[in-house]
Amino acid sequence: MSILQVAIVGYGLAGSVFHAPLIAAQPRMRVAAVVTGSAERAEQARRAYPGARVLASAAELFAEPAGVDLVVIATPNATHAPLARLALDAGLPVVVDKPFAVSVAEGEELIARAERTGLVLSVFQNRRWDGDFLTVRQLIADGRLGEVRRFESRFERWRPVPKGGWREVGSAEEGAGLLFDLGSHLIDQAVTLFGPVRTVYGELDRRRPNIQTDDDAFVALTHTSGVRSQLWMSAVTPQLGPRFRVLGADAGYVTYGLDPQEQALRSGQRPGAGPWGAVEPERWGLLGAEPTVEPVPTIAGDYPAFYDGMAAALLDGAPVPVDPRDAVTTLRLLDAARRSADLGEFVGT
């Protein structure tokens, strides 16, 4: 069986917690190289993946790309497109963490470059494999909600004191702020469920001192199908709302709390070591119409499916798990939300 040799560029939260463990859990992949400029993170990578090359710069990797079958870009947002471009120029297939780029033009240029070179290109939209999202998708497919009219989705946190990282002190042009960080997920999920968007409305605020970009945002999408998606992302929410609230002609579905896979990965758990992505019955969402609602089992989340899909794309010729054109659509809607917030009115797409 062929084993894909994977290089991870960036070994912060994204690289060390999300990408590396999922790659290592894929039977047809191996963490072969890690790029990080941090001596501390380099040592962590050596301990976690003995035998992997640990390099101080992406230039070292791209200067000697032989033996690498896939590059994963897990660096700060502003560097996603430039590093992906260098990887493609080195003849390497690429996975880019979300957001794909910081502008539509950058994203479109990457797609054109990959098409010219015949290289595989995808985007890590892992939240498509959240258990609650999979459950919503299945309920819609089964017709258990009736015609969906309104979709509410939230990523809210209570962090009254800023941490001071680049996401808070960087600029919007660098892809900092919650709109790019969490909105990339929420918009992607809404469009995956309900399709193209006709109009966008956005509100962006800076609520905490000493930050440079948005930490409290709201985006409303009107889909061409008539569904209205309302999306909240905030670091200043002292009481959290439902993760999803989906209202249909026949029933609604409400669920609270985040998918457990992120916390499992942060705590050192790994796919394949036991049941993965399961949600306890007391946290199942409620389906129905008042006064009759009932808990519905949450489908187990499946982040490993992304790299299963990448292995199939590279070794079997299957489609990539996330089409980069979808990510460009998300970038276009993020840009529309920012323009709407500047204008204080709905904008068309």
Side-chain angles (χ1 to χ4, degrees), residues 98 125-158 178 182-201 217-234 237-264 275-303 305-306 321-322 326 329-330 333 337:
K98 65 81 199 167
Q125 287 286 0
N126 61 301
R127 297 289 178 175
R128 291 190 184 188
W129 289 274
D130 277 356
D132 47 18
F133 177 75
L134 295 174
T135 303
V136 169
R137 196 169 190 177
Q138 190 62 56
L139 291 172
I140 293 170
D142 292 344
R144 298 183 68 182
L145 298 165
E147 180 184 2
V148 175
R149 295 166 174 169
R150 191 174 300 277
F151 172 67
E152 299 176 8
S153 176
R154 293 170 173 84
F155 273 167
E156 296 173 327
R157 298 162 175 163
W158 175 231
L178 283 192
L182 300 180
S184 296
H185 288 309
L186 299 185
I187 289 173
D188 177 75
Q189 288 182 330
V191 174
T192 298
L193 289 173
F194 304 113
V197 171
R198 184 170 68 247
T199 61
V200 180
Y201 171 77
F218 170 76
V219 176
L221 309 176
T222 304
H223 299 266
T224 57
S225 63
V227 176
R228 295 185 183 274
S229 291
Q230 296 178 307
L231 316 174
W232 288 262
M233 55 230 76
S234 178
T237 306
Q239 293 193 33
L240 308 184
R243 174 67 186 91
F244 289 124
R245 182 170 179 255
V246 192
L247 305 178
D250 300 329
Y253 175 74
V254 180
T255 186
Y256 285 81
L258 292 175
D259 179 279
Q261 294 177 92
E262 176 177 346
Q263 186 54 44
W276 183 258
V279 173
E280 300 297 325
E282 58 267 24
R283 289 189 49 216
W284 291 349
L286 297 177
L287 172 71
E290 297 294 348
T292 305
V293 296
E294 61 181 6
V296 172
T298 302
I299 296 172
D302 192 13
Y303 290 173
F306 178 85
V322 177
D326 294 350
T329 295
T330 295
L333 295 174

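One is the number of the first residue; the rest follow in order along the sequence.
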Any residue meeting side chain to side chain donor-acceptor pair (under 3.5 Å) with [X], in chain and number order, not counting sequence neighbours:
X    : result
D302 : none
Q138 : D142
R137 : none
Q189 : R243

Smallest separation among heavy atoms of [X] and [Y], with atom names:
X    : Y    : result
D250 : A289 : O-CB, 3.9 Å
W158 : P238 : CE3-N, 3.5 Å
V279 : P260 : CG2-CD, 3.9 Å
Y256 : L240 : CE2-O, 4.3 Å

Quiz item: Where do V322 and F306 land on the side chain to side chain contact (heavy atoms under 4.5 Å, CB included) test, with the steps shown first?
Solution: CA-CA 8 Å; V322 177; F306 178 85; 4.0 Å; yes
Practice problem: Please lay out, stage by stage, how T298 and T135 fare under the test side-chain hydrogen bond (donor to acceptor under 3.5 Å, both in side chains). | Solution: CA-CA 6 Å; T298 302; T135 303; 4.7 Å; no
Nearest-0.5 Å distance that lies between atom [atom1] in [X] and atom [atom2] in [Y]:
X    : Y    : atom1 : atom2 : result
T255 : L286 : OG1   : CG    : 8.0 Å
L186 : F155 : CG    : CZ    : 5.5 Å
D132 : I299 : CG    : CD1   : 10.0 Å
L247 : L145 : CG    : CG    : 9.0 Å
S229 : H223 : OG    : NE2   : 2.5 Å

Practice problem: Kindly state each residue pair satisfying side chain to side chain donor-acceptor pair (under 3.5 Å) with at least one member in residues 275-290, sequence neighbours excluded. | Solution: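 Sorted result for residues 275-290: Q261-W276.
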With sequence neighbours excluded, residues passing salt bridge (Lys or Arg N to Asp or Glu O under 4.0 Å) with [X]:
X    : answer
D130 : R127
E156 : R154
D259 : none
R245 : E152

Going by ring pair (Phe, Tyr, Trp, His ring centres under 6.0 Å), name the residues that satisfy it together with [X], two or more places apart in sequence or in a different chain.
X    : result
F151 : F194, F244
H185 : none
W232 : F218

Exercise. Check step by step if side-chain hydrogen bond (donor to acceptor under 3.5 Å, both in side chains) holds for T224 and R198.
Key: CA-CA 5 Å; T224 57; R198 184 170 68 247; over 6 Å; no
Quiz item: Hey, is D188 close enough to R128 for a salt bridge, meaning N to O under 4.0 Å?
Solution: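 So D188 pairs with R128 through a salt bridge.
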